[in-house]
Number of protein chains: 2
Amino acid sequence: MFAEERKIKIAKMISDGKSVRVSELAKLFKVSESTIRRDLMSMENHGNILRTHGGAVSNVNTQFEPSFFEKQEKHADKKDTIGKIAAGMINDGDTVIIDSGTTTQYIGKYIKAKNITIITNSVPLSYELSNSEDIEVITTGGMIRSNTKAMIGPTAEMTLKQFRVDKAFIGANGISIECGATTPNIIEANTKKAMIETSKKVYIVADSSKFNEVTFAFICSVKDIDCIITDSELSEEEADKYRQLGVDIITRL
Amino acid sequence: MFAEERKIKIAKMISDGKSVRVSELAKLFKVSESTIRRDLMSMENHGNILRTHGGAVSNVNTQFEPSFFEKQEKHADKKDTIGKIAAGMINDGDTVIIDSGTTTQYIGKYIKAKNITIITNSVPLSYELSNSEDIEVITTGGMIRSNTKAMIGPTAEMTLKQFRVDKAFIGANGISIECGATTPNIIEANTKKAMIETSKKVYIVADSSKFNEVTFAFICSVKDIDCIITDSELSEEEADKYRQLGVDIITRL
DNA sequence: AATATTATGCTCATTTATAATCACATATGC
DNA sequence: GCATATGTGATTATAAATGAGCATAATATT
(Lines give C-alpha, C1' and ligand atoms only; values in the text may rest on other atoms or scores of the structure.)
Protein backbone atom coordinates (compact mmCIF):
# COMPACT_ATOMS: atom_id res chain seq x y z
CA MET A 1 0.00 0.00 0.00
CA PHE A 2 1.42 3.34 -1.08
CA ALA A 3 1.17 6.54 0.87
CA GLU A 4 -1.08 7.98 -1.84
CA GLU A 5 -3.43 5.02 -1.74
CA ARG A 6 -3.65 5.31 1.99
CA LYS A 7 -4.43 9.00 1.74
CA ILE A 8 -7.07 8.38 -0.91
CA LYS A 9 -8.71 5.80 1.33
CA ILE A 10 -8.59 8.08 4.32
CA ALA A 11 -10.06 10.91 2.24
CA LYS A 12 -12.85 8.60 1.16
CA MET A 13 -13.60 7.56 4.71
CA ILE A 14 -13.79 11.17 5.77
CA SER A 15 -15.84 12.31 2.81
CA ASP A 16 -18.27 9.47 3.51
CA GLY A 17 -19.04 11.45 6.63
CA LYS A 18 -17.12 9.24 9.03
CA SER A 19 -14.73 10.87 11.41
CA VAL A 20 -11.42 9.10 11.77
CA ARG A 21 -9.01 8.59 14.67
CA VAL A 22 -5.26 8.52 14.35
CA SER A 23 -5.00 5.42 16.52
CA GLU A 24 -7.58 3.51 14.49
CA LEU A 25 -6.07 4.46 11.16
CA ALA A 26 -2.64 3.39 12.37
CA LYS A 27 -4.00 -0.02 13.29
CA LEU A 28 -6.08 -0.29 10.13
CA PHE A 29 -3.22 0.48 7.76
CA LYS A 30 -0.56 -1.13 9.98
CA VAL A 31 1.65 1.94 10.07
CA SER A 32 2.83 4.12 12.92
CA GLU A 33 0.78 6.97 14.25
CA SER A 34 3.51 9.34 13.07
CA THR A 35 2.80 8.31 9.53
CA ILE A 36 -0.92 8.83 9.90
CA ARG A 37 -0.30 12.26 11.38
CA ARG A 38 1.89 13.16 8.46
CA ASP A 39 -0.82 11.96 6.06
CA LEU A 40 -3.48 14.01 7.77
CA MET A 41 -1.18 17.01 7.88
CA SER A 42 -0.61 16.94 4.13
CA MET A 43 -4.29 16.38 3.48
CA GLU A 44 -5.16 19.31 5.65
CA ASN A 45 -2.69 21.45 3.74
CA HIS A 46 -4.39 20.40 0.54
CA GLY A 47 -7.56 21.71 2.04
CA ASN A 48 -10.20 19.06 2.29
CA ILE A 49 -10.08 17.79 5.81
CA LEU A 50 -10.05 19.36 9.19
CA ARG A 51 -7.70 17.86 11.74
CA THR A 52 -8.88 17.46 15.29
CA HIS A 53 -7.16 16.34 18.42
CA GLY A 54 -7.05 12.59 17.93
CA GLY A 55 -8.07 12.43 14.30
CA ALA A 56 -9.81 14.35 11.54
CA VAL A 57 -13.23 15.21 10.15
CA SER A 58 -14.58 16.61 6.91
CA ASN A 59 -14.64 20.36 6.60
CA VAL A 60 -16.77 20.60 3.48
CA ASN A 61 -20.34 19.71 2.82
CA THR A 62 -20.07 16.20 1.47
CA GLN A 63 -21.12 15.18 -1.96
CA PHE A 64 -24.80 15.10 -1.21
CA GLU A 65 -26.67 18.32 -1.00
CA PRO A 66 -28.04 19.38 2.38
CA SER A 67 -31.69 19.00 1.45
CA PHE A 68 -31.08 15.37 0.75
CA PHE A 69 -29.48 14.87 4.13
CA GLU A 70 -31.95 17.01 5.96
CA LYS A 71 -34.62 14.58 4.94
CA GLN A 72 -32.50 11.76 6.15
CA GLU A 73 -32.32 13.38 9.54
CA LYS A 74 -35.97 12.69 10.25
CA HIS A 75 -36.30 9.26 11.82
CA ALA A 76 -32.64 8.72 10.98
CA ASP A 77 -32.00 6.17 13.70
CA LYS A 78 -35.12 4.20 12.79
CA LYS A 79 -34.16 4.24 9.15
CA ASP A 80 -30.68 3.15 10.07
CA THR A 81 -32.04 0.10 11.87
CA ILE A 82 -34.40 -0.68 9.00
CA GLY A 83 -31.43 -0.45 6.66
CA LYS A 84 -29.47 -2.87 8.80
CA ILE A 85 -32.33 -5.38 8.87
CA ALA A 86 -32.83 -5.15 5.12
CA ALA A 87 -29.12 -5.57 4.42
CA GLY A 88 -29.20 -8.74 6.50
CA MET A 89 -31.73 -10.21 4.06
CA ILE A 90 -29.20 -10.12 1.26
CA ASN A 91 -27.22 -13.34 0.85
CA ASP A 92 -24.04 -14.16 -1.00
CA GLY A 93 -24.63 -14.36 -4.73
CA ASP A 94 -28.02 -12.62 -4.66
CA THR A 95 -29.27 -10.30 -7.35
CA VAL A 96 -31.09 -7.41 -5.77
CA ILE A 97 -32.96 -4.23 -6.65
CA ILE A 98 -32.67 -1.34 -4.24
CA ASP A 99 -35.04 1.57 -4.78
CA SER A 100 -34.00 5.18 -4.30
CA GLY A 101 -35.06 6.94 -1.17
CA THR A 102 -33.93 8.07 2.23
CA THR A 103 -34.65 4.76 3.91
CA THR A 104 -33.26 2.46 1.25
CA GLN A 105 -30.10 4.60 1.21
CA TYR A 106 -29.24 3.17 4.62
CA ILE A 107 -29.21 -0.38 3.31
CA GLY A 108 -25.98 0.25 1.44
CA LYS A 109 -23.75 0.76 4.42
CA TYR A 110 -24.70 -2.53 6.05
CA ILE A 111 -24.40 -4.92 3.13
CA LYS A 112 -21.99 -7.69 4.06
CA ALA A 113 -22.82 -10.28 1.37
CA LYS A 114 -20.22 -11.10 -1.25
CA ASN A 115 -20.51 -11.54 -4.98
CA ILE A 116 -23.84 -9.79 -5.37
CA THR A 117 -25.38 -7.76 -8.15
CA ILE A 118 -27.41 -4.70 -7.25
CA ILE A 119 -29.64 -2.77 -9.59
CA THR A 120 -30.59 0.64 -8.31
CA ASN A 121 -32.15 3.85 -9.55
CA SER A 122 -30.52 5.95 -6.84
CA VAL A 123 -27.59 8.12 -7.92
CA PRO A 124 -25.99 8.45 -4.47
CA LEU A 125 -26.51 4.79 -3.62
CA SER A 126 -25.00 3.66 -6.90
CA TYR A 127 -21.98 5.78 -6.18
CA GLU A 128 -21.57 4.43 -2.68
CA LEU A 129 -22.05 0.79 -3.64
CA SER A 130 -19.65 0.97 -6.57
CA ASN A 131 -16.81 1.55 -4.11
CA SER A 132 -17.25 -2.00 -2.86
CA GLU A 133 -15.31 -4.74 -4.57
CA ASP A 134 -17.90 -7.37 -3.72
CA ILE A 135 -20.77 -5.65 -5.46
CA GLU A 136 -21.53 -5.32 -9.14
CA VAL A 137 -23.65 -2.21 -9.53
CA ILE A 138 -26.06 -1.61 -12.40
CA THR A 139 -28.06 1.59 -12.61
CA THR A 140 -31.44 1.79 -14.30
CA GLY A 141 -30.75 5.08 -16.02
CA GLY A 142 -33.53 7.57 -16.61
CA MET A 143 -34.52 11.11 -15.81
CA ILE A 144 -33.15 12.34 -12.51
CA ARG A 145 -35.55 13.90 -10.03
CA SER A 146 -33.47 16.67 -8.59
CA ASN A 147 -34.74 16.45 -5.04
CA THR A 148 -34.57 12.69 -4.56
CA LYS A 149 -31.72 11.92 -7.00
CA ALA A 150 -33.81 9.04 -8.30
CA MET A 151 -33.54 7.90 -11.90
CA ILE A 152 -37.07 7.35 -13.13
CA GLY A 153 -39.27 7.18 -16.20
CA PRO A 154 -39.50 4.99 -19.30
CA THR A 155 -35.76 4.54 -19.60
CA ALA A 156 -35.52 3.14 -16.08
CA GLU A 157 -38.49 0.87 -16.70
CA MET A 158 -37.05 -0.38 -19.98
CA THR A 159 -33.81 -1.28 -18.24
CA LEU A 160 -35.62 -3.07 -15.44
CA LYS A 161 -37.50 -5.21 -17.97
CA GLN A 162 -34.15 -6.63 -19.10
CA PHE A 163 -33.51 -8.25 -15.73
CA ARG A 164 -34.96 -10.69 -13.25
CA VAL A 165 -33.77 -10.49 -9.65
CA ASP A 166 -34.21 -12.36 -6.38
CA LYS A 167 -35.19 -9.51 -4.11
CA ALA A 168 -36.38 -5.93 -4.41
CA PHE A 169 -36.28 -3.38 -1.59
CA ILE A 170 -38.82 -0.66 -2.33
CA GLY A 171 -39.50 2.53 -0.42
CA ALA A 172 -42.97 3.99 0.00
CA ASN A 173 -44.44 7.15 1.48
CA GLY A 174 -47.72 5.56 2.47
CA ILE A 175 -48.84 2.05 3.42
CA SER A 176 -52.38 1.01 4.20
CA ILE A 177 -54.42 -2.17 4.11
CA GLU A 178 -56.96 -0.62 1.75
CA CYS A 179 -54.74 1.30 -0.64
CA GLY A 180 -51.49 -0.66 -0.44
CA ALA A 181 -48.20 1.19 -0.99
CA THR A 182 -48.30 4.73 -2.38
CA THR A 183 -45.89 7.55 -3.22
CA PRO A 184 -46.47 11.18 -4.25
CA ASN A 185 -44.94 11.12 -7.72
CA ILE A 186 -46.69 9.16 -10.42
CA ILE A 187 -43.63 8.59 -12.59
CA GLU A 188 -41.68 7.38 -9.61
CA ALA A 189 -44.58 5.08 -8.77
CA ASN A 190 -44.40 3.53 -12.22
CA THR A 191 -40.70 2.92 -11.83
CA LYS A 192 -41.35 1.23 -8.50
CA LYS A 193 -44.01 -0.91 -10.17
CA ALA A 194 -41.44 -2.00 -12.74
CA MET A 195 -39.04 -2.95 -9.96
CA ILE A 196 -41.70 -5.07 -8.30
CA GLU A 197 -42.46 -6.84 -11.56
CA THR A 198 -38.79 -7.62 -12.03
CA SER A 199 -38.32 -9.25 -8.64
CA LYS A 200 -39.28 -12.65 -7.27
CA LYS A 201 -39.60 -11.33 -3.74
CA VAL A 202 -40.78 -7.85 -2.74
CA TYR A 203 -39.71 -6.09 0.45
CA ILE A 204 -41.19 -2.73 1.38
CA VAL A 205 -38.96 -0.65 3.64
CA ALA A 206 -40.71 2.17 5.51
CA ASP A 207 -40.61 3.50 9.03
CA SER A 208 -43.72 3.20 11.16
CA SER A 209 -44.84 6.80 10.46
CA LYS A 210 -45.74 5.74 6.93
CA PHE A 211 -48.44 3.33 8.07
CA ASN A 212 -52.08 4.31 7.53
CA GLU A 213 -50.91 7.02 5.19
CA VAL A 214 -52.10 7.27 1.61
CA THR A 215 -50.33 9.48 -0.92
CA PHE A 216 -51.17 10.27 -4.50
CA ALA A 217 -49.82 7.50 -6.71
CA PHE A 218 -50.44 3.77 -6.35
CA ILE A 219 -47.43 1.43 -6.28
CA CYS A 220 -48.89 -1.96 -5.38
CA SER A 221 -51.50 -3.58 -3.18
CA VAL A 222 -50.71 -5.36 0.06
CA LYS A 223 -51.04 -8.79 -1.52
CA ASP A 224 -48.14 -8.00 -3.86
CA ILE A 225 -45.84 -7.47 -0.88
CA ASP A 226 -43.88 -10.38 0.56
CA CYS A 227 -42.37 -8.58 3.50
CA ILE A 228 -42.45 -5.16 5.16
CA ILE A 229 -39.40 -4.03 7.11
CA THR A 230 -40.20 -1.27 9.56
CA ASP A 231 -39.37 -0.12 13.10
CA SER A 232 -40.57 -1.40 16.45
CA GLU A 233 -43.00 1.44 17.04
CA LEU A 234 -45.55 -0.24 14.81
CA SER A 235 -48.30 -1.63 17.04
CA GLU A 236 -48.77 -5.37 17.22
CA GLU A 237 -52.44 -5.10 16.23
CA GLU A 238 -51.46 -3.18 13.13
CA ALA A 239 -48.74 -5.67 12.27
CA ASP A 240 -51.13 -8.57 12.69
CA LYS A 241 -53.54 -7.11 10.15
CA TYR A 242 -50.81 -7.42 7.56
CA ARG A 243 -49.68 -10.83 8.74
CA GLN A 244 -53.23 -12.11 8.28
CA LEU A 245 -52.93 -11.08 4.65
CA GLY A 246 -49.75 -13.14 4.32
CA VAL A 247 -47.28 -10.28 4.63
CA ASP A 248 -44.24 -10.79 6.83
CA ILE A 249 -43.67 -7.81 9.13
CA ILE A 250 -40.18 -7.46 10.52
CA THR A 251 -39.48 -4.80 13.12
CA ARG A 252 -36.15 -5.84 14.63
CA LEU A 253 -32.95 -7.71 13.93
CA MET B 1 8.07 -6.57 -26.33
CA PHE B 2 8.12 -2.93 -27.41
CA ALA B 3 8.19 -0.07 -24.98
CA GLU B 4 4.71 0.99 -26.08
CA GLU B 5 3.27 -2.47 -25.51
CA ARG B 6 4.73 -2.45 -22.05
CA LYS B 7 3.23 0.93 -21.30
CA ILE B 8 -0.17 -0.15 -22.55
CA LYS B 9 -0.04 -3.21 -20.33
CA ILE B 10 0.98 -1.15 -17.34
CA ALA B 11 -1.78 1.35 -18.06
CA LYS B 12 -4.29 -1.48 -18.20
CA MET B 13 -3.13 -2.88 -14.88
CA ILE B 14 -3.55 0.52 -13.30
CA SER B 15 -6.88 1.32 -14.90
CA ASP B 16 -8.17 -2.00 -13.60
CA GLY B 17 -7.80 -0.35 -10.24
CA LYS B 18 -4.63 -2.15 -9.18
CA SER B 19 -1.66 -0.24 -7.93
CA VAL B 20 1.68 -1.22 -9.37
CA ARG B 21 5.19 -1.29 -7.90
CA VAL B 22 8.29 -0.41 -9.82
CA SER B 23 10.11 -3.47 -8.47
CA GLU B 24 7.33 -5.87 -9.49
CA LEU B 25 6.95 -4.39 -12.96
CA ALA B 26 10.69 -4.66 -13.52
CA LYS B 27 10.59 -8.36 -12.67
CA LEU B 28 7.40 -8.94 -14.63
CA PHE B 29 8.67 -7.38 -17.85
CA LYS B 30 12.29 -8.42 -17.26
CA VAL B 31 13.64 -4.90 -17.66
CA SER B 32 15.51 -2.64 -15.26
CA GLU B 33 13.76 -0.46 -12.74
CA SER B 34 15.13 2.57 -14.58
CA THR B 35 13.12 1.60 -17.61
CA ILE B 36 9.95 1.16 -15.61
CA ARG B 37 10.49 4.54 -13.99
CA ARG B 38 10.89 6.14 -17.38
CA ASP B 39 7.67 4.47 -18.53
CA LEU B 40 5.76 5.69 -15.50
CA MET B 41 7.21 9.16 -15.87
CA SER B 42 6.00 9.51 -19.44
CA MET B 43 2.61 8.07 -18.51
CA GLU B 44 2.27 10.55 -15.72
CA ASN B 45 3.15 13.42 -18.04
CA HIS B 46 0.41 12.24 -20.32
CA GLY B 47 -1.97 12.39 -17.42
CA ASN B 48 -2.79 8.72 -17.38
CA ILE B 49 -1.58 7.76 -13.94
CA LEU B 50 -0.52 9.14 -10.61
CA ARG B 51 3.00 8.18 -9.61
CA THR B 52 3.78 7.38 -6.02
CA HIS B 53 6.96 6.62 -4.19
CA GLY B 54 7.57 3.02 -5.21
CA GLY B 55 5.08 2.74 -8.04
CA ALA B 56 1.88 4.27 -9.36
CA VAL B 57 -1.87 4.29 -8.87
CA SER B 58 -4.87 5.32 -10.90
CA ASN B 59 -5.67 9.02 -10.93
CA VAL B 60 -9.35 8.68 -11.73
CA ASN B 61 -10.85 7.40 -8.51
CA THR B 62 -11.11 10.93 -7.33
CA GLN B 63 -14.18 12.42 -8.90
CA PHE B 64 -16.20 13.26 -5.85
CA GLU B 65 -13.37 14.98 -4.06
CA PRO B 66 -12.03 17.23 -6.79
CA SER B 67 -10.71 19.96 -4.56
CA PHE B 68 -8.51 17.54 -2.68
CA PHE B 69 -6.98 16.02 -5.75
CA GLU B 70 -7.04 18.88 -8.18
CA LYS B 71 -3.51 19.85 -7.35
CA GLN B 72 -2.31 16.31 -7.64
CA GLU B 73 -4.06 15.58 -10.87
CA LYS B 74 -1.98 16.41 -13.89
CA HIS B 75 -3.27 18.98 -16.36
CA ALA B 76 -6.11 20.02 -14.04
CA ASP B 77 -5.90 23.64 -15.18
CA LYS B 78 -5.90 22.66 -18.83
CA LYS B 79 -8.88 20.41 -18.31
CA ASP B 80 -10.63 23.23 -16.54
CA THR B 81 -10.15 25.52 -19.54
CA ILE B 82 -11.25 22.80 -21.93
CA GLY B 83 -14.36 22.32 -19.80
CA LYS B 84 -15.09 26.02 -19.99
CA ILE B 85 -14.73 26.10 -23.77
CA ALA B 86 -16.94 23.05 -24.19
CA ALA B 87 -19.62 24.47 -21.89
CA GLY B 88 -19.66 27.58 -24.09
CA MET B 89 -20.71 25.46 -27.06
CA ILE B 90 -23.96 24.53 -25.39
CA ASN B 91 -26.85 26.81 -26.31
CA ASP B 92 -30.24 27.38 -24.77
CA GLY B 93 -32.60 24.54 -25.56
CA ASP B 94 -29.90 22.11 -26.70
CA THR B 95 -29.99 18.41 -26.11
CA VAL B 96 -26.52 17.20 -25.25
CA ILE B 97 -24.59 14.05 -24.36
CA ILE B 98 -21.69 14.39 -21.97
CA ASP B 99 -19.39 11.41 -21.59
CA SER B 100 -17.84 10.36 -18.29
CA GLY B 101 -14.22 11.21 -17.64
CA THR B 102 -11.91 13.58 -15.86
CA THR B 103 -11.99 16.19 -18.61
CA THR B 104 -15.71 16.08 -19.38
CA GLN B 105 -16.38 16.37 -15.65
CA TYR B 106 -15.14 19.95 -15.83
CA ILE B 107 -17.81 20.90 -18.37
CA GLY B 108 -20.54 20.70 -15.74
CA LYS B 109 -19.42 23.61 -13.64
CA TYR B 110 -19.39 26.06 -16.56
CA ILE B 111 -22.72 25.35 -18.21
CA LYS B 112 -24.73 28.56 -18.43
CA ALA B 113 -27.37 27.63 -21.02
CA LYS B 114 -31.00 27.37 -19.96
CA ASN B 115 -33.66 24.79 -20.66
CA ILE B 116 -31.28 22.07 -21.80
CA THR B 117 -31.40 18.30 -21.63
CA ILE B 118 -28.21 16.41 -20.83
CA ILE B 119 -27.72 12.70 -21.19
CA THR B 120 -24.68 11.38 -19.35
CA ASN B 121 -23.18 8.09 -18.25
CA SER B 122 -21.17 9.68 -15.45
CA VAL B 123 -22.50 9.13 -11.95
CA PRO B 124 -20.83 12.16 -10.36
CA LEU B 125 -21.65 14.45 -13.26
CA SER B 126 -25.30 13.39 -13.23
CA TYR B 127 -25.42 14.17 -9.56
CA GLU B 128 -23.85 17.59 -9.99
CA LEU B 129 -25.98 18.59 -12.98
CA SER B 130 -29.23 17.51 -11.36
CA ASN B 131 -28.79 20.27 -8.80
CA SER B 132 -29.35 22.82 -11.55
CA GLU B 133 -32.90 23.95 -12.24
CA ASP B 134 -32.16 24.73 -15.87
CA ILE B 135 -30.99 21.25 -16.75
CA GLU B 136 -32.99 18.11 -17.28
CA VAL B 137 -30.63 15.21 -16.59
CA ILE B 138 -31.03 11.74 -18.04
CA THR B 139 -28.59 8.97 -17.20
CA THR B 140 -27.85 6.09 -19.52
CA GLY B 141 -27.85 3.47 -16.81
CA GLY B 142 -25.60 0.44 -17.04
CA MET B 143 -22.83 -1.31 -15.16
CA ILE B 144 -20.72 1.05 -13.10
CA ARG B 145 -16.94 0.89 -13.51
CA SER B 146 -15.77 1.42 -9.98
CA ASN B 147 -12.72 3.49 -10.78
CA THR B 148 -14.25 5.89 -13.29
CA LYS B 149 -17.85 5.83 -12.04
CA ALA B 150 -18.94 5.50 -15.65
CA MET B 151 -22.14 3.65 -16.52
CA ILE B 152 -21.32 1.42 -19.46
CA GLY B 153 -22.36 -1.70 -21.32
CA PRO B 154 -25.43 -2.88 -23.23
CA THR B 155 -27.88 -1.12 -20.94
CA ALA B 156 -26.22 2.23 -21.54
CA GLU B 157 -26.12 1.61 -25.27
CA MET B 158 -29.76 0.58 -25.38
CA THR B 159 -30.75 3.79 -23.61
CA LEU B 160 -28.68 5.90 -25.99
CA LYS B 161 -30.44 4.34 -28.97
CA GLN B 162 -33.72 5.81 -27.71
CA PHE B 163 -32.52 9.35 -28.19
CA ARG B 164 -31.19 11.76 -30.76
CA VAL B 165 -29.23 14.78 -29.54
CA ASP B 166 -27.64 17.91 -30.98
CA LYS B 167 -24.16 17.60 -29.52
CA ALA B 168 -22.01 14.98 -27.84
CA PHE B 169 -18.88 15.73 -25.81
CA ILE B 170 -16.72 12.64 -25.72
CA GLY B 171 -13.49 12.05 -23.84
CA ALA B 172 -10.62 10.02 -25.27
CA ASN B 173 -7.27 8.80 -23.98
CA GLY B 174 -5.58 8.83 -27.35
CA ILE B 175 -6.03 10.81 -30.56
CA SER B 176 -4.06 10.28 -33.74
CA ILE B 177 -4.58 10.89 -37.45
CA GLU B 178 -4.07 7.23 -38.28
CA CYS B 179 -5.97 5.55 -35.46
CA GLY B 180 -8.54 8.20 -34.56
CA ALA B 181 -9.83 8.35 -30.98
CA THR B 182 -9.00 5.48 -28.62
CA THR B 183 -9.54 4.53 -24.97
CA PRO B 184 -8.18 1.68 -22.83
CA ASN B 185 -11.43 -0.12 -22.00
CA ILE B 186 -13.29 -1.87 -24.78
CA ILE B 187 -16.74 -1.77 -23.16
CA GLU B 188 -16.33 1.91 -22.47
CA ALA B 189 -15.27 2.37 -26.10
CA ASN B 190 -18.50 0.77 -27.28
CA THR B 191 -20.54 3.06 -25.06
CA LYS B 192 -18.71 6.04 -26.52
CA LYS B 193 -19.45 4.73 -30.01
CA ALA B 194 -23.15 4.60 -29.14
CA MET B 195 -22.97 8.20 -27.95
CA ILE B 196 -21.41 9.27 -31.21
CA GLU B 197 -24.11 7.52 -33.22
CA THR B 198 -26.79 9.27 -31.20
CA SER B 199 -25.48 12.76 -31.82
CA LYS B 200 -25.66 15.08 -34.80
CA LYS B 201 -22.41 16.80 -33.92
CA VAL B 202 -19.41 15.16 -32.22
CA TYR B 203 -16.95 17.05 -30.01
CA ILE B 204 -13.88 15.30 -28.66
CA VAL B 205 -12.49 16.86 -25.49
CA ALA B 206 -8.90 15.96 -24.64
CA ASP B 207 -5.87 17.84 -23.43
CA SER B 208 -2.89 18.11 -25.75
CA SER B 209 -0.99 15.26 -24.09
CA LYS B 210 -3.49 12.84 -25.62
CA PHE B 211 -2.41 13.66 -29.16
CA ASN B 212 -0.34 11.10 -31.05
CA GLU B 213 -1.28 8.55 -28.45
CA VAL B 214 -2.99 5.29 -29.27
CA THR B 215 -4.58 3.18 -26.58
CA PHE B 216 -6.21 -0.21 -26.77
CA ALA B 217 -9.79 0.22 -27.93
CA PHE B 218 -11.03 2.14 -30.99
CA ILE B 219 -13.75 4.76 -30.56
CA CYS B 220 -14.01 6.50 -33.93
CA SER B 221 -11.87 7.71 -36.79
CA VAL B 222 -10.91 11.35 -37.33
CA LYS B 223 -13.50 11.84 -40.06
CA ASP B 224 -16.28 11.06 -37.57
CA ILE B 225 -15.21 13.98 -35.41
CA ASP B 226 -16.68 17.44 -36.00
CA CYS B 227 -14.58 19.33 -33.50
CA ILE B 228 -11.77 18.71 -31.04
CA ILE B 229 -11.51 20.92 -27.98
CA THR B 230 -8.04 20.88 -26.47
CA ASP B 231 -5.49 23.21 -24.86
CA SER B 232 -3.17 25.73 -26.42
CA GLU B 233 -0.07 23.58 -26.12
CA LEU B 234 -1.06 21.70 -29.22
CA SER B 235 1.30 22.78 -32.00
CA GLU B 236 -0.12 24.64 -34.99
CA GLU B 237 1.29 22.08 -37.45
CA GLU B 238 -0.45 19.29 -35.58
CA ALA B 239 -3.71 21.24 -35.46
CA ASP B 240 -3.51 21.96 -39.18
CA LYS B 241 -3.26 18.27 -40.00
CA TYR B 242 -6.68 17.80 -38.44
CA ARG B 243 -8.11 20.94 -39.97
CA GLN B 244 -7.16 19.66 -43.40
CA LEU B 245 -9.33 16.63 -42.67
CA GLY B 246 -12.25 18.92 -41.89
CA VAL B 247 -12.00 18.79 -38.11
CA ASP B 248 -12.38 22.02 -36.19
CA ILE B 249 -9.65 22.41 -33.57
CA ILE B 250 -10.39 24.81 -30.74
CA THR B 251 -7.69 25.63 -28.23
CA ARG B 252 -8.96 28.73 -26.50
CA LEU B 253 -12.05 30.67 -25.57
C1' DA C 1 -7.55 23.10 40.52
C1' DA C 2 -4.38 19.55 40.45
C1' DT C 3 -3.16 15.51 38.36
C1' DA C 4 -3.26 11.76 35.12
C1' DT C 5 -3.81 10.45 30.52
C1' DT C 6 -3.42 10.88 25.83
C1' DA C 7 -2.06 13.16 21.51
C1' DT C 8 1.13 15.99 19.19
C1' DG C 9 5.32 18.06 16.97
C1' DC C 10 9.90 17.55 16.62
C1' DT C 11 14.22 15.31 15.73
C1' DC C 12 16.98 11.53 14.29
C1' DA C 13 18.22 7.05 12.11
C1' DT C 14 17.11 3.65 8.83
C1' DT C 15 15.43 1.87 4.84
C1' DT C 16 14.02 2.25 0.30
C1' DA C 17 13.17 4.74 -4.05
C1' DT C 18 14.48 8.23 -7.13
C1' DA C 19 16.79 11.38 -10.51
C1' DA C 20 20.74 12.21 -12.92
C1' DT C 21 24.38 10.58 -14.93
C1' DC C 22 27.18 7.74 -18.23
C1' DA C 23 27.85 3.85 -21.32
C1' DC C 24 26.28 0.76 -24.64
C1' DA C 25 23.32 -1.21 -28.13
C1' DT C 26 20.11 -0.95 -31.76
C1' DA C 27 17.45 1.45 -35.14
C1' DT C 28 16.66 5.37 -38.56
C1' DG C 29 17.74 8.71 -42.00
C1' DC C 30 20.99 10.97 -45.11
C1' DG D 1 29.10 4.29 -44.01
C1' DC D 2 28.27 7.83 -40.71
C1' DA D 3 25.64 10.73 -37.79
C1' DT D 4 21.72 10.91 -34.97
C1' DA D 5 18.01 9.39 -32.19
C1' DT D 6 16.02 6.09 -29.13
C1' DG D 7 15.83 2.57 -25.71
C1' DT D 8 18.09 0.39 -22.16
C1' DG D 9 21.06 -0.96 -17.90
C1' DA D 10 24.35 0.24 -14.26
C1' DT D 11 26.00 3.47 -10.77
C1' DT D 12 25.60 6.71 -7.15
C1' DA D 13 24.39 10.84 -4.62
C1' DT D 14 20.07 12.68 -3.31
C1' DA D 15 15.45 12.52 -1.65
C1' DA D 16 11.24 10.38 0.35
C1' DA D 17 8.74 7.51 3.64
C1' DT D 18 8.65 5.63 7.85
C1' DG D 19 9.12 4.42 12.96
C1' DA D 20 10.92 5.47 17.55
C1' DG D 21 11.92 8.45 21.34
C1' DC D 22 10.88 12.38 23.98
C1' DA D 23 9.49 17.01 25.53
C1' DT D 24 5.38 19.69 25.14
C1' DA D 25 0.48 20.56 24.51
C1' DA D 26 -4.31 19.20 24.80
C1' DT D 27 -7.87 16.67 27.00
C1' DA D 28 -9.85 13.85 30.78
C1' DT D 29 -10.29 12.55 35.58
C1' DT D 30 -10.26 13.20 40.30
Side-chain angles (χ1 to χ4, degrees), chain A residues 1-14 18-59, chain B residues 1-14 18-59 61-62 68-75 174 176-179 208-216 235 237-238 241:
Chain A
M1 161 103 45
F2 297 118
E4 288 304 323
E5 291 182 89
R6 200 177 48 230
K7 283 195 225 174
I8 288 168
K9 287 192 178 163
I10 295 172
K12 217 166 246 166
M13 290 168 83
I14 293 175
K18 279 174 248 170
S19 64
V20 296
R21 315 207 92 250
V22 172
S23 54
E24 286 165 9
L25 290 174
K27 258 184 261 170
L28 179 64
F29 292 112
K30 297 189 178 32
V31 294
S32 72
E33 300 197 346
S34 295
T35 300
I36 295 297
R37 287 201 188 90
R38 275 185 280 246
D39 288 346
L40 296 179
M41 214 179 296
S42 96
M43 290 161 74
E44 186 179 46
N45 289 337
H46 275 107
N48 233 31
I49 69 163
L50 191 63
R51 288 185 72 190
T52 62
H53 201 82
V57 295
S58 171
N59 69 343
Chain B
M1 161 100 44
F2 297 113
E4 285 309 315
E5 290 183 77
R6 200 176 48 231
K7 281 196 219 175
I8 289 171
K9 286 191 179 166
I10 295 172
K12 203 172 266 167
M13 291 168 81
I14 294 175
K18 276 177 263 176
S19 63
V20 297
R21 317 200 102 256
V22 172
S23 53
E24 286 165 10
L25 291 174
K27 258 185 259 171
L28 179 63
F29 292 111
K30 297 191 179 30
V31 294
S32 71
E33 298 199 346
S34 295
T35 301
I36 296 297
R37 285 201 190 90
R38 276 184 281 247
D39 288 346
L40 296 180
M41 212 180 298
S42 93
M43 289 161 76
E44 185 181 45
N45 287 334
H46 285 91
N48 302 321
I49 62 167
L50 185 66
R51 283 186 76 191
T52 65
H53 203 81
V57 296
S58 168
N59 66 350
N61 49 5
T62 60
F68 176 69
F69 291 99
E70 244 167 63
K71 286 156 197 154
Q72 300 186 24
E73 215 213 305
K74 287 268 167 177
H75 310 302
S176 80
I177 296 280
E178 298 78 24
C179 301
S208 56
S209 74
K210 307 288 167 57
F211 279 76
N212 289 314
E213 289 287 320
V214 179
T215 64
F216 180 63
S235 71
E237 308 100 272
E238 190 70 19
K241 283 188 207 165

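Below, read A as the first sequence line, B as the second, and so on, with proteins coming before strands; counting in each chain starts at 1.
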Any idea which of C:dA7, D:dA16, D:dT18 is nearest the A:A3 side chain? D:dT18
Base, sugar-phosphate, or nothing for A:T35, non-hydrogen atoms under 4.0 angstrom? sugar-phosphate
Check whether A:E5 reaches the backbone of A:F2 with its side chain - one donor and one acceptor, N or O, closer than 3.5 Å. yes
Is A:R51 near enough to D:dA26 that one of its side-chain N or O atoms lies under 4.0 angstrom from OP1 or OP2? no
N-O pairing of A:K27 and A:E24 below 4.0 Å: no
Using a 4.0 Å heavy-atom cut-off, does B:T52 contact any base of the nucleic acid, only the sugar-phosphate backbone, or nothing at all? sugar-phosphate
Please tell me if the side chains of A:R37 and A:R51 come closer than 4.5 Å, counting only heavy atoms from C-beta onward. yes
For C:dA20, does OP1 or OP2 lie under 4.0 Å from any side-chain N or O of B:R37? no
Map A:S34 and A:H53 onto DNA chain D by nearest heavy atom, then report which one ends up closer to the 5' terminus. A:S34
Any idea which of D:dG19, C:dA19, D:dT8 is nearest the A:V31 side chain? D:dG19
Between the base of D:dG9 and the side chain of B:R38, is there any donor-acceptor pair under 3.5 Å? yes
Side chain to side chain, B:M13 and B:L28, heavy atoms closer than 4.5 Å: yes
Taken to the nearest whole Å, CE/A:M41 to C1'/D:dT18 is 13 Å
